[in-house]
Amino acid sequence: MEPSFFERVYRLVRQIPRGRVASYGQIAALLGHPQAARTVGWALNALRGSEVADVPWQRVINSAGRISISRADLGADLQRALLEEEGVAFDARGYVDWKRFGWAGLEWREIEGLWGDVKI
DNA sequence: GCCCTGACTGCTA
DNA sequence: TTAGCAGCCAGGG
């Protein structure tokens with residue numbers, strides 16, 4: 001069974017190492033859909049209960065290097081706090097420096113492996 | 001199966 | 001990493 005797009009997003013996001021950040025567009029591109037950034041955001045928006053603790057959603061920000069969130073329960077403040085706790089720094093304007101904290105992503109082969117060895 | 005929405009992005013001015 | 005706008009994808013109703 002092929003994992004759903006949401007499921008792929010979650011697995012890939014789990015690969016982002018502590019202290020690094022990736023953009024929605026980057027995640028989408030790694031999944032083979034460079035234009036599906038919004039869908040990635042929606043996938044994270046759909047996280048519920050235990051999934052929230054299981055997926056490092058806070059490591060995903062917009063392409064500008066800024067936090068872009070609108071949920072009431074999981075606010076931008078929380079996201080920023082979680083990231084700072086991991087060592088990610090924000091400048092005075094609230095931007096993260098991609099050069100310092102950006103995630104390089106994975107090799108295509110590694111990504112394929114994420115779908116293969118797991119049963120759905 | 002159609003229509004709307006959304007934690008986005010790249011292009012233009 | 002300026003602001004504004006249209007395009008893109010997957011789910012949910």
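A, B, ... follow the sequence lines: proteins, then strands. Residue 1 opens every chain.
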Item to check | Exercise: identify the closest heavy-atom pair between A/Leu106 and A/Leu30 | outcome: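 In this case the closest contact between A/Leu106 and A/Leu30 is O-CD2, 4.0 Å.
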Please report the distance, rounded to the nearest Å, between [atom1] in [X] and [atom2] in [N].
| X | N | atom1 | atom2 | answer |
| --- | --- | --- | --- | --- |
| A/Leu30 | B/dC8 | CG | C1' | 15 Å |
| A/Leu31 | B/dC8 | CG | P | 16 Å |
| A/Ile61 | B/dT9 | CD1 | C1' | 14 Å |
| A/Asn62 | B/dG6 | CG | C1' | 14 Å |
| A/Leu44 | C/dG11 | CG | P | 13 Å |
| A/Leu74 | B/dA7 | CG | C1' | 10 Å |
| A/Ile27 | C/dA10 | CD1 | C1' | 16 Å |
| A/Lys99 | C/dT1 | NZ | P | 11 Å |

Closest nucleotide among [options] to the [X] side chain:
| X | options | answer |
| --- | --- | --- |
| A/Arg38 | B/dA7, C/dA10, C/dG7 | C/dG7 |
| A/Tyr95 | B/dT9, C/dT1, B/dA7 | C/dT1 |
| A/Arg93 | C/dT1, C/dG7, C/dA10 | C/dT1 |
| A/Phe5 | B/dA7, B/dG6, C/dA10 | C/dA10 |
| A/Ala64 | C/dT1, B/dA7, C/dG11 | C/dT1 |
| A/Gln35 | B/dA7, B/dC8, C/dC9 | C/dC9 |
| A/His33 | C/dG7, B/dA7, C/dA10 | C/dA10 |
| A/Ser23 | C/dG11, B/dT9, C/dG7 | B/dT9 |

Item to check | Distance-only donor-acceptor check, side chains A/Glu110 and A/Gln15, under 3.5 Å | outcome: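 No.
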Item to check | Euclidean distance for C1', B/dC8 against C/dT1 (whole angstrom) | outcome: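 Per the computed distance, 15 Å lies between those C1' atoms.
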Checklist entry - Going by an N to O cut-off under 4.0 Å, is there a salt bridge joining A/Arg71 and A/Asp73? => result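 Between A/Asp73 and A/Arg71 there is a salt bridge, with a charged N closer than 4.0 Å to a carboxylate O.
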Checklist entry - Looking across every strand, which nucleic acid part, if any, lies under 4.0 Å from A/Val96 by heavy atom: base, sugar-phosphate, or nothing? => result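 Touches a base.
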Next on the checklist: Within the 4.0 Å heavy-atom criterion, would you say A/Asn45 contacts the bases, only the backbone, or no part of the nucleic acid?
Outcome noted: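 Since a base atom lies under 4.0 Å of A/Asn45, the category is base.
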For [Y], is there any backbone N or O sitting under 3.5 Å from a side-chain donor or acceptor partner on [X]?
| X | Y | result |
| --- | --- | --- |
| A/Gln79 | A/Val60 | yes |
| A/Tyr24 | A/Trp42 | no |
| A/Glu86 | A/Leu83 | no |

Checklist entry - For A/Ala37 and A/Trp42, take the nucleotide of DNA chain C holding the closest heavy atom to each; which residue's nucleotide lies nearer the 5' end? => result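 The answer here is A/Ala37.
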Next on the checklist: Does a side-chain N or O of A/Ser68 approach OP1 or OP2 of B/dC8 to a distance below 4.0 Å, or not?
Outcome noted: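 Indeed, a polar side-chain atom of A/Ser68 lies that close.
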Checklist entry - Hey, which of these two, A/Gly25 or A/Thr39, hits DNA chain B nearer its 5' end, going by closest nucleotide? => result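 Upstream on the strand: A/Thr39.
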